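Every value quoted in this text rests on a predicted model; they were computed, and no experiment measured them.
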Amino acid sequence: MPLTPLGPGVWPQEVPKHLDYPQRTLYDNLRLSAQRRPAHPMLRFYGGMLDYATGHQHVLELAAYLQQRCGIKQGDRVLLCVQNSPQFVLGYYAILRADAVVVPINPMLLADELRHVVEDSGAKLGIVAQDLLQNITSTQLEDVVVVTYSDYVGEASHSAAQAPEAALAARLKSSQLPDSKQRFHFWMAAVGLHLTPEPALAKPSDHALLPYSSGTTGKPKGCVHPHSTFMATTVMASVWNPTLGDETVVLASLPMFHVTGMQAGMNGPIYGGHTAVVMLRWDRAGGAAIIAQDRVTTWTCITTMAVDFLSQPGIEEVDLSSLKRIGGGGAPMPAAVAEKLKTLTGLDYIEGYGLTETAAPSHMNPVHRPKKQCAGVPTPDADSRIIDPETLQQLGPNQQGEIITCGPQVFYGYWNNPEATEKAFITLEGKRFFRTGDLGYYDDEGYFFITDRLKRMINAAGFKVWPAEIESMMYAHPAIQEACVIAALDERRGETVKAVVIKRANAQEVSADDIMAWCREHMAAYKVPRIVEFASSLPRSGAGKVLWRVLQEQENTKSRLS
């Protein structure tokens, strides 16, 4: 079967189907942007500003310190456990300039979880934020470069948007060091030595990133990425977005340890020589103020962030006119939310799809012809198909199966886990395809749609129910802010549909029966939730995704005990 065919007019005319990717490292992107735009703002952070020349110099000085004082050599893995900040960006590029491998860490991980990553990766050095040091004291890290966020905060915020809210103030300042066997080094002292790094040795094909993917079962697995895979999605995104230019300002609100935030809020802007306004963590009022006052042109966000943004009082009065593009992924954007966003900004939400294993996007919606709740079409040089997950036979248009993909952004495999790597790939027509574990289909025009994870399915009296579809429909209910759909045991049906719902603030009083009655009016009977439970919050990953498996396990435990 040939490549998935695209309908007429789907592919953007200005985008080549095959790209020439620069044969250089990710660090080289920073070096070249610093040469081209030395005085241009690279990062803004709570009243502080780093231009490209200064940012690049700090990267060189820190890289030299890692080599000469911490003994880092080519191929060594270095933990980066820092929230969104200039130190995340500079630390990331310094590790790469030292020819080492970045191991980006979710700052929400606790000691036991961090211990697994440290032991599995073999890291001996970490760059760690001061408020997170307690979580690494029991790991095998030998050296730790201590980050204090306030080192790059301005003396006075240039705008209210950049003034750290009270909840962040303590995290921006220094704190006492814990008792530990590790040797602590201090960021500003390291940079202040003004050391010069050894000549760069890394090649595009060399190991650069080791992000950990949660997967479906078991402990997280490290994804082996060379410079070239992240370069591929960086270049692709710059070509795909026609609104980018010299005055582009990016709101970096997604967590940078996650590949989407890493690419959209850091690697992409640095490749283009753009400005990134960095938020330590998401705050809807702060985000709105930054868009208005810093004249943000590009914002990549996830569904839950958009929902939160739209639900804040007075958002209609905020000047959002500078925005030229809003997009993201992580989960299909509900049509009702996308419509509200377009009413507010005049912009379509451009959805994409990708995984940690694919260095973020493998699919994007064409900007001129986006479809709602759609992953988009395969990006330049990517080849995606649909297969039957059991027989591995290829399927045609509108037939649901597992999405597989191959292209320049696909990772090499799982770190020190050949068995998992072998299971993750299949060979088709002489190509090595990654099995995403996501279920979906492509329509008659070649657009891909995600229906759910391979194992996230409810079998209700023989009917297959896909939770993501139900959740998306429930967003249109005026009283629902968020919903997570899981399976509940049912004596008659085997499994039935349960919805855990967060009600909108100031919404009219609504009962579980009211919601179920509304659902019966909007979806097939077998999809209607038979149980509706209200909650004040939903469990989330550090990247902001709803952890539906946590709710599912809680439901399973409840059923076992009843």
Just wondering, are more than 12 heavy atoms of other shown residues or ligands nearer than 6.0 Å to CD in E119? yes

When rounded to the nearest 0.5 Å, the distance separating CD1 of I326 from CG of D348 is 10.0 Å

Step-by-step side chain to side chain contact (heavy atoms under 4.5 Å, CB included) determination, V278 to M256:
CA-CA 10 Å; V278 180; M256 291 177 176; 4.1 Å; yes

In this structure, CD of Q87 is separated from CG of L43 (nearest 0.5 Å) by 10.0 Å

Q. Just by modelled atom types, is the H225 backbone N or O under 3.5 Å from a matching donor or acceptor in the T229 side chain?
A. no

Notebook entry, point to check: Are D143 and K124 close enough that some pair of their side-chain heavy atoms sits under 4.5 Å apart?
Noted result: no

Salt bridge K431-D383, side-chain N to carboxylate O under 4.0 Å: yes

Do L209 and H227 touch side chain to side chain, with heavy atoms closer than 4.5 Å?
-> no

Taken to the nearest 0.5 Å, the spacing of S541 OG from L547 CG works out to 5.5 Å

Of all heavy-atom pairs linking I315 and L344, the shortest is CG1-CD2, 3.7 Å

Quiz item: Going through the checks in order, is the side chain to side chain donor-acceptor pair (under 3.5 Å) test met by T234 and Q263?
Solution: CA-CA 6 Å; T234 298; Q263 292 299 81; 3.0 Å; yes

| Considering only heavy atoms from C-beta outward, does the side chain of P12 approach that of H368 to under 4.5 Å? | yes

Side chain to side chain contact (heavy atoms under 4.5 Å, CB included) evaluation trace for W299 with V250: CA-CA 6 Å; W299 181 32; V250 174; over 6 Å; no

Review point. Should we say atom CD of E419 is surrounded by more than 12 heavy atoms from elsewhere, each under 6.0 Å from it?
Key: no

In this structure, CE of M188 is separated from CG of L62 (nearest 0.5 Å) by 10.5 Å

Exercise for review: Answer yes or no: is there a side-chain heavy-atom contact under 4.5 Å between V239 and P380?
Suggested key: no

Does any part of the side chain of Y353, heavy atoms only, come nearer than 4.5 Å to the side chain of I450, both counted from C-beta?
yes

Any donor-acceptor N/O pair, D76 side chain to K73 backbone, under 3.5 Å: yes

Cation-pi check, R97 onto Y27 ring (under 6.0 Å, within 45° of axis) = yes

Note: T248 and T243 closest approach over all heavy atoms is OG1-O, 4.2 Å

I'd like to know if the side chain of T139 and the backbone of V118 have a donor-acceptor N/O pair within less than 3.5 Å. no

What one should report as the nearest heavy-atom pair of P204 and P226 is O-CB, 3.6 Å

In H56, H58, Q57, the residue satisfying side-chain contact (heavy atoms from CB on, under 4.5 Å) with T54 is H58

*H207 and W415 aromatic ring geometry - parallel, tilted or perpendicular at 30°/60° bounds*: tilted

ask   = Does the distance from a Lys or Arg side-chain N to an Asp or Glu carboxylate O, for D99 and K203, drop under 4.0 Å?
value = no

* Asked: Would you say the side chains of T233 and Q409 form a donor-acceptor pair under 3.5 Å?
  -> no

Nearest heavy-atom approach of L26 to Y93 is O-CE2, 3.4 Å

For residues Y92 and V82, determine if any side-chain heavy atom of one lies less than 4.5 Å from a side-chain heavy atom of the other.
no

- Message: Tell me whether T297 contacts the main-chain N or O of K324 through its side chain, where contact means a donor paired with an acceptor under 3.5 Å.
- Response: no

In this structure, CG of L210 is separated from CZ of R77 (nearest 0.5 Å) by 8.0 Å

Backbone N/O of Y414 and side chain of E357: donor-acceptor pair under 3.5 Å
no

- Query: Just by distance, do the side chain of Y46 and the backbone of L280 share a donor-acceptor pair under 3.5 Å?
  - Reply: yes

**T25 and D28: CA distance, side-chain angles, deciding distance, side chain to side chain donor-acceptor pair (under 3.5 Å) verdict** = CA-CA 5 Å; T25 67; D28 287 326; 3.1 Å; yes

Original post:
Given the rule in the side chain to side chain contact (heavy atoms under 4.5 Å, CB included) test, do L125 and L141 qualify, once you have shown the distances and angles that lead to the verdict?
Top reply: CA-CA 5 Å; L125 168 70; L141 289 179; 5.6 Å; no

Exercise for the section: Report the relative orientation of the aromatic rings in Y152 and W187; use parallel for angles under 30°, tilted for 30 to 60°, perpendicular for over 60°. Expected result: perpendicular

Taking the side chain as everything from C-beta on, heavy atoms only, tell me whether V146 gets closer than 4.5 Å to H185. no

Establish, from distance only, whether the side-chain atoms of Y149 and N84 form a donor-acceptor pair under 3.5 Å. no

Discussion item. With a 3.5 Å distance limit and no angle check, can you tell me whether H363 reaches the backbone of A375 through a side-chain donor-acceptor pair?
Written reply: no

S33 side chain to L30 main-chain N or O, any donor-acceptor pair under 3.5 Å?
no

With side chain to side chain donor-acceptor pair (under 3.5 Å) as the criterion, how do T405 and R435 come out once you've worked through the C-alpha distance, each side chain's angles and the decisive distance to 0.1 Å? CA-CA 7 Å; T405 190; R435 299 187 63 175; over 6 Å; no

(request) Answer with yes or no whether the side chains of D151 and T148 bring together a donor and an acceptor at under 3.5 Å. (result) no

So OH of Y212 and CZ of F257: to nearest 0.5 Å the spacing works out to 15.0 Å

_Donor-acceptor pair, distance only, cut-off 3.5 Å: does the side chain of R540 make one with the backbone of G544?_
yes

message = Quick one, T275 with H40, criterion side chain to side chain donor-acceptor pair (under 3.5 Å). Give me CA distance, side-chain angles, the key distance, then yes/no.
response = CA-CA 8 Å; T275 300; H40 190 72; 3.2 Å; yes

Subject >> Side-chain touch V128/V147, heavy atoms, less than 4.5 angstrom >> reply: no

Go through it in stages, so that I can follow the logic: the residues are V277 and F45, the test is side chain to side chain contact (heavy atoms under 4.5 Å, CB included), and I'd like the CA-CA distance, side-chain angles, deciding distance and then a yes or no.
CA-CA 6 Å; V277 187; F45 184 68; over 6 Å; no

Evaluate the ring planes of F434 and F411, with Trp represented by its six-membered ring, and classify them as parallel (under 30°), tilted (30 to 60°) or perpendicular (over 60°).
perpendicular

Worksheet item: Any donor and acceptor pair, going by atom type alone, linking the side chain of R325 with main-chain N or O of L323 inside 3.5 Å?
Response: no

>> With salt bridge (charged side-chain N to carboxylate O under 4.0 Å, His left out) as the criterion, how do R295 and D319 come out once you've worked through the C-alpha distance, each side chain's angles and the decisive distance to 0.1 Å?
In response: CA-CA 9 Å; R295 307 306 292 162; D319 181 5; 3.1 Å; yes

Smallest heavy-atom separation, G413 atom then F425 atom, equals CA-CE1, 4.4 Å

| said: Taking the cut-offs as 6.0 angstrom to the six-membered ring centre and 45 degrees off its axis, would you call R284 and F309 a cation-pi pair? | reply: no

Side chains of Y21 and D381: do they bring a donor and an acceptor to under 3.5 Å? yes

Here the pair of heavy atoms bringing W282 nearest to S253 is CE3-CB, 3.8 Å

